[in-house]
Enquirer: 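Just dropping this structure here.
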Protein chains: 2
Amino acid sequence: MTAMQQAYNVYEDRCPTRLVLDRLADKWALLILDRLEGEPVRFNHIRRDIKGISQKVLAQTLRKLERNGLISRTIFPTVPVTVEYALTPLGRTLTDTVSALAHWAEKNMDAIFAAQRAYDETHPV
Amino acid sequence: MTAMQQAYNVYEDRCPTRLVLDRLADKWALLILDRLEGEPVRFNHIRRDIKGISQKVLAQTLRKLERNGLISRTIFPTVPVTVEYALTPLGRTLTDTVSALAHWAEKNMDAIFAAQRAYDETHPV
DNA sequence: CTCCTTGGTATCTATTGGAAACTATCTTTC
DNA sequence: GAAAGATAGTTTCCAATAGATACCAAGGAG
């Protein structure tokens, strides 16, 4: 793509890619990004949809994704106030990969659970 | 693909896909999977390559990946003992997606760092 | 005898995650 | 007029996790 792509090494401690992975590779961020495909969604709507996420972690994760430019936050001065979250163009470039991961999990979970059972049988407590 | 694919909802609390994501969506697991593409690698070799990982977390994450059937662990009775980790066929089906994520991070980190700077300027402490 | 290697485990502390309660503002209900 | 309900969070507290460090056993090199 780029004429001169700098050769980053993901494994290096100070590699910027690592800084990006540190911030994005957690399950809540992935689930939220996946959920935001389609129309913008409100805070409590996401909270109700993604079962099991706490308000604190949702707020933290949304803030993190916003800070990294992947989602936008729009406040509507309704009563009560409405806040809509949506994917930015940058965020939209990531969702393909994210849903690929989700679909891989869905497709292979039987194999994974089988592996777990086999492991637990051969590795007693 | 499958004739009858059960309709799982990733956002549901008890969805098996969530259980899979819980186990695999962390940065160390992604880095290790990415590192294992190619030949099998020994414990301390991985540890030296992936800068900043502690022995404890490396051991834990390897055990987790092994339990989930993504990597294999082979012991060679050399002196000192040698332990080789390698991708299983199942693990190999995941590495495409994993490296897609790593490459996305590499490709877009400039945009991400720019977004961070912009956010920090408009959201003072 | 001492140091180095192998692949870990044990211990301790700092950070994070999750559950629940609380805030503030306005509308609707009783 | 008081209470409940919705909005989008913050605060507080406790449990779980992550990270740093030290330690273990077995043997080879010096």
Side-chain angles (χ1 to χ4, degrees), chain A residues 11-14 18-19 21-32 35-36 39-68 71-86 119 123-125, chain B residues 11-14 18-19 21-32 35-36 39-68 71-86 119 123-125:
Chain A
Y11 309 120
E12 280 298 329
D13 211 358
R14 338 201 92 229
R18 281 280 289 272
L19 296 175
L21 272 184
D22 282 1
R23 287 184 172 75
L24 301 179
D26 80 293
K27 78 171 168 170
W28 294 127
L30 295 181
L31 285 169
I32 291 173
R35 178 62 192 85
L36 286 185
E39 353 79 281
V41 192
R42 282 178 301 101
F43 184 90
N44 276 331
H45 198 160
I46 303 177
R47 191 182 145 214
R48 278 189 293 266
D49 279 0
I50 301 184
K51 305 281 198 307
I53 194 169
S54 72
Q55 286 184 309
K56 190 183 78 170
V57 173
L58 176 55
Q60 280 175 354
T61 311
L62 286 171
R63 201 100 48 243
K64 184 172 69 175
L65 292 174
E66 188 199 355
R67 177 167 184 259
N68 287 277
I71 65 176
S72 65
R73 180 174 183 273
T74 315
I75 304 173
F76 296 95
T78 54
V79 166
V81 68
T82 303
V83 179
E84 263 187 10
Y85 292 94
Y119 182 94
H123 296 73
V125 194
Chain B
Y11 308 121
E12 279 298 327
D13 210 358
R14 336 199 92 227
R18 282 278 288 271
L19 295 175
L21 271 183
D22 282 0
R23 286 184 173 75
L24 301 178
D26 81 292
K27 78 171 169 172
W28 294 126
L30 296 180
L31 285 169
I32 291 172
R35 179 63 192 85
L36 285 185
E39 354 79 281
V41 192
R42 283 178 301 99
F43 183 92
N44 276 331
H45 198 161
I46 304 177
R47 190 182 145 215
R48 277 189 293 266
D49 279 2
I50 301 186
K51 305 281 198 306
I53 194 168
S54 73
Q55 284 184 310
K56 192 184 77 172
V57 173
L58 176 56
Q60 280 175 353
T61 310
L62 286 171
R63 202 88 59 239
K64 185 172 69 174
L65 292 174
E66 187 198 357
R67 177 166 183 260
N68 286 277
I71 66 175
S72 65
R73 178 173 183 274
T74 315
I75 304 173
F76 297 95
T78 54
V79 165
V81 67
T82 303
V83 180
E84 263 187 9
Y85 292 93
Y119 181 95
H123 297 72
V125 194

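Note that these values count all heavy atoms, side chains included, but never hydrogens, waters or copies made by symmetry. We name chains A, B, ... by the order of the sequence lines, and we start the count at 1 in each one.
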Enquirer: Tell me what Arg47(A) touches on the nucleic acid: a base, only sugar-phosphate, or nothing, going by heavy atoms under 4.0 Å.
Expert: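 The residue Arg47(A) makes no contact with any strand.
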Enquirer: NE2 of His123(A) versus C1' of dT9(C): gap in Å, rounded?
Expert: 16 Å
Enquirer: Which value, rounded to the nearest 0.5 Å, describes the distance between Glu84(A) atom CD and Leu36(A) atom CG?
Expert: 10.5 Å
Enquirer: Could you please name the option among dG17(C), dT6(C), dG8(C) that lies closest to any side-chain atom of Asn44(B)?
Expert: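 Output: dT6(C).
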Enquirer: Would you confirm whether Thr82(A), through its side chain, and Thr78(A), through its main-chain N or O, come within 3.5 Å as a donor-acceptor pair?
Expert: no
Enquirer: Using chain A heavy atoms and a threshold of under 4.0 Å, write down where along DNA chain D the contacts begin and end, 5' to 3'.
Expert: dA6(D) to dT12(D)
Enquirer: Verify side chain to side chain contact (heavy atoms under 4.5 Å, CB included) between Trp28(A) and Leu58(A), making sure each step is shown before the conclusion.
Expert: CA-CA 8 Å; Trp28(A) 294 127; Leu58(A) 176 55; over 6 Å; no
Enquirer: So, taking the atom named CD in Gln60(B) and the one named CD in Gln55(B), what distance separates them when rounded to the nearest 0.5 Å?
Expert: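 Answer rounded to 0.5 Å: 12.0 Å.
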Enquirer: Check the distance between dG7(C)'s P and Phe76(B)'s CZ and give it to me in whole angstrom.
Expert: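 Roughly 11 Å, once rounded to whole Å.
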Enquirer: When the distance from CD1 of Ile46(B) to C1' of dG7(C) is rounded to whole Å, what number comes out?
Expert: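 Rounded to whole Å, this separation is 11 Å.
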Enquirer: To the nearest 0.5 Å, what is the distance between CZ on Arg47(A) and CD1 on Ile53(A)?
Expert: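 If I round to the nearest 0.5 Å, the distance is 10.0 Å.
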Enquirer: Regarding Tyr85(A), tell me which of base, sugar-phosphate or nothing describes its non-hydrogen contacts under 4.0 Å with the strands shown.
Expert: sugar-phosphate
Enquirer: Return the NZ to CG distance between Lys27(B) and Leu21(A), rounded to the nearest 0.5 Å.
Expert: 8.5 Å
Enquirer: Take atom NE2 of His45(B) and atom P of dG8(C), then tell me their distance rounded to the nearest Å.
Expert: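 That distance rounds to 16 Å.
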Enquirer: With nearest nucleotides of DNA chain C determined for Pro80(A) and Gln55(A) from heavy-atom distances, which residue corresponds to the more 5′ nucleotide?
Expert: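 Per heavy-atom nearest nucleotide, the more 5' residue is Gln55(A).
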Enquirer: Rounded to the nearest Å, what distance is computed from the CD1 atom of residue Ile53(B) to the C1' atom of nucleotide dG8(C)?
Expert: 14 Å
Enquirer: Would you say Arg48(B) places a side-chain N or O within less than 4.0 Å of OP1 or OP2 belonging to dT5(C)?
Expert: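 So the side chain of Arg48(B) is outside the cut-off, no N or O lying under 4.0 Å from OP1 or OP2 of dT5(C).
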Enquirer: Identify which nucleotide among dG17(C), dA10(C), dC26(C) has an atom closest to any side-chain atom of Val79(A), counting heavy atoms from C-beta outward.
Expert: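 Nearest nucleotide to the side chain: dC26(C).
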Enquirer: Select from Arg73(B) and Val57(A) the residue whose nearest nucleotide in DNA chain C is closer to the 5' end of that strand.
Expert: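 That would be Arg73(B).
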Enquirer: Under the 3.5 angstrom rule, does the side chain of His45(B) hit a backbone N or O of Val41(B) as a donor-acceptor pair?
Expert: no
Enquirer: Any Lys/Arg nitrogen of Asp26(A) or Lys64(A) sitting under 4.0 Å from an Asp/Glu carboxylate oxygen of the other?
Expert: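 A salt bridge links Asp26(A) with Lys64(A).
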Enquirer: Is the shortest heavy-atom distance from the side chain of Arg63(A) to the side chain of Arg73(A) under 4.5 Å?
Expert: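 Counting from C-beta outward, Arg63(A) and Arg73(A) do come under 4.5 Å.
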Enquirer: Between the opening five pairs and the closing five pairs of the helix from dC1(C)-dG30(D) to dC30(C)-dG1(D), how far apart are the helix axes, to 10°?
Expert: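 Comparing the first five pairs with the last five, the axes sit 20° apart.
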Enquirer: Rounded to the nearest angstrom, tell me the gap between atom CD in Gln60(A) and atom C1' in dT15(C).
Expert: 12 Å
